[in-house]
Amino acid sequence: MLAYLVYEKQQKLKIMMKMQGLKDVPYWMISYAYFFVLSVVYMTCFVIFGYFIGLNFFRLNNYGIQFVFFFVYINLQIAFAFFVASFFSSVKIATVIGYIYVFGSGLLGAFLFLFFIEDKTFSGIWVLVMEIVPGFSLYRGLYELGQYAFAGSATGSSGMMWGNLKDPVNGMCDILIIMTVEWALLLVLAFYLDQMSSVGGSVRNPLLLFRSSQKKHAPLLHKSSSAQQDSKVIVNMEKEDVAQERRLVEQLLMDRNANEAVICDNLRKMYPGRDGNPDKLAVRGLSLALPKGQCFGMLGPNGAGKTSFISMMVGLTRPTSGTAYAHGMDITMDMDDIYTNMGLCPQHDLLWETLTGKEHLFFYARLKNLKGAALVKAVDDSLKSVNLFHGGVGDKQVGMYSGGMKRRLSVAISLIGDPKVVYMDEPSTGLDPASRNNLWNIVKEAKRNCAIVLTTHSMEEAEVLCDRLGIFVDGEFQCIGNPKELKARYGGAYIFTVTTSPEQESEVDQLVRRLSPSANKIYNLSGTQKFELPKQEVRIADVFRAVEMAKSRFSIHAWGLVDTTLEDVFIKVAKGAEVFNDVA
Ligand SMILES: Nc1ncnc2c1ncn2[C@@H]1O[C@H](COP(=O)(O)OP(=O)(O)OP(=O)(O)O)[C@@H](O)[C@H]1O
């Protein structure tokens, strides 16, 4: 039980289920019922087997007492497993500690606890205190049943009967009370600890635990934006498009009728410094508004803060300050409600290795309230859309899938049940070109009915899928706009690439200076050089002519002239921001 509970936590499957709409109470009830049924079957087999091989322990003691004892113990054990699972995040450690506890409490019970029970000079209070450990209470119960069965078979009478519970030496009544109280207490404590540690939940402050369940989200907003307090300082340093987005967010927050799919209001994420390292500001006051039907792409170098942003939006981590709204629901308050209309394709696939692709989709589709024929159709369509339907691939266990198949399944999961807001963190990572194209078609189709936030390192993907892009460097947007706008704004130059032998590099330099005095060399490696030629200084025909003439003087292996690509824009913006930050 412990390993099972910790596994779902370790593999982030629990938070994934939550993000797809599974509420805490049903999760607990289903898991509890599953463990309970397993334990009851196990205990019943154990008792029946003991009865049929003629053990007096089972035959002579009253069946009702045996039933109550085992019933209470099973429940205590499940509650104890839930409680202990709150303290572990590694299955290996939990399993080792679990085994040490089971064997340790058994051995200590037989060699130490037994001695205290039978030593009549030892304080009964201390024995009761020791029985708080579930392993010892089990041992005490079995001991009492064993003693009565032994006495019954010696005298030819029965074992423990209901009336014997009042016997002064019989500890059964005490342990039944202790176990029942402990069962209830551990359940409450385990639930409470789970809520406290559940970063995705809306509760971090213990005092808010009970309040948050009563609170219903207020439709947006017209409340003063947290951006407003800080924005004046920030705006002065921001690019105009980023500042404009911030102003739009402020306006939307004041507007009662605003119905944007996503509004981020000055989101910040600070990770506390560890091992002597300073605090890390991963997201610095991000403001963004995203209507339905739009796919917004976040481009940024490694470590820019894209995953930190998505983690906040999907409730994996809480913002240090600021907040965001998905269809008017606040990510710091109403995450459980947001999950019912949200889809997520995480950076790393969160899947059960032992379930099939189809079972995953059935499970998540049911969480999105799909039923009957609509459910079967949605699952089949979804499998077909990601090429996992034919050849029975969807019926194979996920453990047998390739990386690309797992990725496609993750995308299918994020889109099942028509969520209103979908977050995709590098969805095409590891896909071959054909699968990637297929994935792009799925995303294009899906964005008609929802808003999509997508992070990617592929400029091609960003250009194909995204209606708007934001280049994100060191925790903040450097620019926001649609791909064409960004290329026009940052790409007022042609990129001229020439490959010669390294000795001819200076010849190429002179050629370029003659063509465009303010050309900028952006790349140089063993004879291959790249220049930016400002568009107002050069004509394409002049470049062709100059290269043809140069070919008669020295050997040009290859050359090319292209308009600025999104990749050039990205490199330029990212480099510019890094230089600025270094200077600052
Ligand atoms: N839990 C954490 N504790 C401390 N620092 C963290 C934590 N998570 C991320 N960071 C730091 O925050 C910064 C942003 O990380 P993040 O993973 O959000 O970047 P990213 O843009 O998603 O990168 P990539 O493209 O490589 O996935 C990085 O410097 C990272 O080291």
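Quick note: numbers below take in every heavy atom, side chains included, and nothing from hydrogens, waters or symmetry partners. We're numbering straight along the sequence, starting at 1. Every number for a ligand or one of its atoms is a count from 1 in the order of the listing.
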Less than 4.0 Å between a side-chain N and a carboxylate O, is that true for [Y] and [X]?
X	Y	answer
R468	E245	yes
E476	R268	no
D425	K306	no
E460	R436	yes

I416 CD1 to K368 NZ distance, which is reported to the nearest 0.5 Å: 8.5 Å

Sequence neighbours left out, what passes ring pair (Phe, Tyr, Trp, His ring centres under 6.0 Å) with Y99? Give chain and number order. none

Near ligand 1, at a heavy-atom separation below 4.0 Å: residues by chain and residue number: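 Around ligand 1, where the cutoff is 4.0 Å for heavy atoms, the contacting residues are Y271, K280, A282, P301, N302, G303, A304, G305, K306, T307, S308, Q347, E426, H457.
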
